[in-house]
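Here is the structure we will look at.
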Amino acid sequence: LQTTMFQAGGFLGALKIWQKLLIVVVAFTIPLGILIGLLLNSENQKINFAVKELQGTIYLSRLAEVNNAIDLHRFLSVAELSGDQSVQSRRLEAVARVDKAVGELVKINTQLGGVLQTGNAVDNLQESWSRLKSEAPKLSAAQNLRRHSFLIESYIKPLFLLVGNNSNLVLDPEIDSFYLMEATIK
């Protein structure tokens, strides 16, 4: 028994060969178009993921500069307040280095802070640094050390974690880069 579709007078039987070929081509083109659309969507997601990782890397490099500069200032301030006056000029240079690094962080935060959802963390860091900078010469060496450490622990380290999480850097599926990122943000 033949179905009506294939009978001589049925739907496909009445079509010319080029019409039948056209139906076959359309039947294969629709799923192919859907697959291409899904592939493009997947690739766009990967590109967006990588762009966000790049933004996080740029941000974290500026934040690392701030961290290193404040750490140097901490060391030199404690040395000077402990009686080593030979480090005074280097401490003043370190103040300028921290100011410059914080300024660069503020600039990058203006560009990427919304994407990385940093909120007012950089403003708080900048304010805390300004207070510490003005009060540091009046503090004892121990107080100075505590205040610098508090600044790093309360403002910088949480910002490292926040940016690492919000930039997808901690989600990197490559094991090598995952461990590198884990070490960087902790």
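Worth knowing before you read on, the calculation uses all heavy atoms, side chains too, and leaves out hydrogens, waters and symmetry mates.
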Identify the heavy atoms of Glu80 and Gln85 that sit nearest to each other, and give their distance.
-> O-NE2, 3.4 Å

What distance separates Glu153 CD from Lys157 NZ, expressed to the nearest 0.5 Å?
-> 4.0 Å

Donor-acceptor contact present, side-chain Lys52 to main-chain Asn166, <3.5 Å = yes

Step through the shown structure and confirm whether more than 12 heavy atoms of other residues, nucleotides or ligands are within 6.0 Å of NZ on Lys20.
-> yes

Between atom CD of Glu104 and atom OG of Ser61, what is the distance when rounded to the nearest 0.5 Å?
-> 10.0 Å

With a 4.0 Å cut-off, would you call Glu93 and Arg90 a salt bridge?
-> no

Distance, nearest 0.5 Å, that separates CZ of Phe150 from OH of Tyr155 = 5.0 Å

Distance from Gln117 atom CD to Asn165 atom CG, nearest 0.5 Å?
-> 10.5 Å

Quick one: salt bridge (Lys or Arg N to Asp or Glu O under 4.0 Å) pairs with a partner in residues 54-65, sequence neighbours left out?
-> none

Any side-chain heavy atom of Val115 sitting closer than 4.5 Å to one from Gln55?
-> yes

Does the side chain of Val122 reach to within under 4.5 Å of the side chain of Val102, using non-hydrogen atoms?
-> no

If we only count heavy atoms from C-beta on, is the Gln111 to Ile58 side-chain gap below 4.5 Å?
-> no

Main-chain N/O of Val106 paired with Thr110 side-chain donor or acceptor, under 3.5 Å | yes

Just by distance, do the side chain of Thr57 and the backbone of Glu53 share a donor-acceptor pair under 3.5 Å?
-> yes

Test item: Ile108 and Leu63 side chains (from C-beta on) under 4.5 Å apart, heavy atoms | no

Looking only at heavy atoms, which two atoms of Arg131 and Ser134 are closest? And how far apart?
-> O-OG, 3.0 Å

Got a list of side-chain donor-acceptor pairs under 3.5 Å for residues 37-49, not counting sequence neighbours?
residue: Asn44; atom: ND2; partner: Leu40; partner atom: O; Å: 3.4
residue: Asn48; atom: ND2; partner: Asn44; partner atom: O; Å: 3.3

Closest non-hydrogen atoms of Leu151 and Leu125, given as atom of the first, atom of the second and distance, are CD1-CD1, 3.7 Å

Separation of Leu54 CG from Ser167 OG (nearest 0.5 Å) | 10.0 Å

Are Ile152 and Leu159 connected in the hydrophobic side-chain network, where two residues link if heavy atoms are under 4.5 Å apart?
-> yes

Flag yes if Val25 and Ile17 sit in one hydrophobic cluster, no otherwise; membership is Ile, Leu, Val, Met, Phe, Trp, Tyr, and two members link when side-chain heavy atoms are under 4.5 Å apart.
-> no

Residues 66-79 side chain polar contacts: donor-acceptor under 3.5 Å, at least two apart:
residue: Asn68; atom: ND2; partner: Ala64; partner atom: O; Å: 3.3
residue: Asp71; atom: OD1; partner: Arg74; partner atom: NE; Å: 3.1
residue: Asp71; atom: OD1; partner: Arg74; partner atom: NH2; Å: 2.2
residue: His73; atom: ND1; partner: Ser77; partner atom: OG; Å: 3.3
residue: His73; atom: ND1; partner: His148; partner atom: NE2; Å: 2.6
residue: His73; atom: NE2; partner: Ser77; partner atom: OG; Å: 3.4
residue: Arg74; atom: NH1; partner: Ser149; partner atom: OG; Å: 2.8
residue: Ser77; atom: OG; partner: His73; partner atom: O; Å: 2.8

Atom CZ of Arg147 and atom OG of Ser140: how far apart are they, to the nearest 0.5 Å?
-> 11.0 Å

Hey, does Asn109 have a side-chain heavy atom less than 4.5 Å from the side chain of Leu116?
-> no

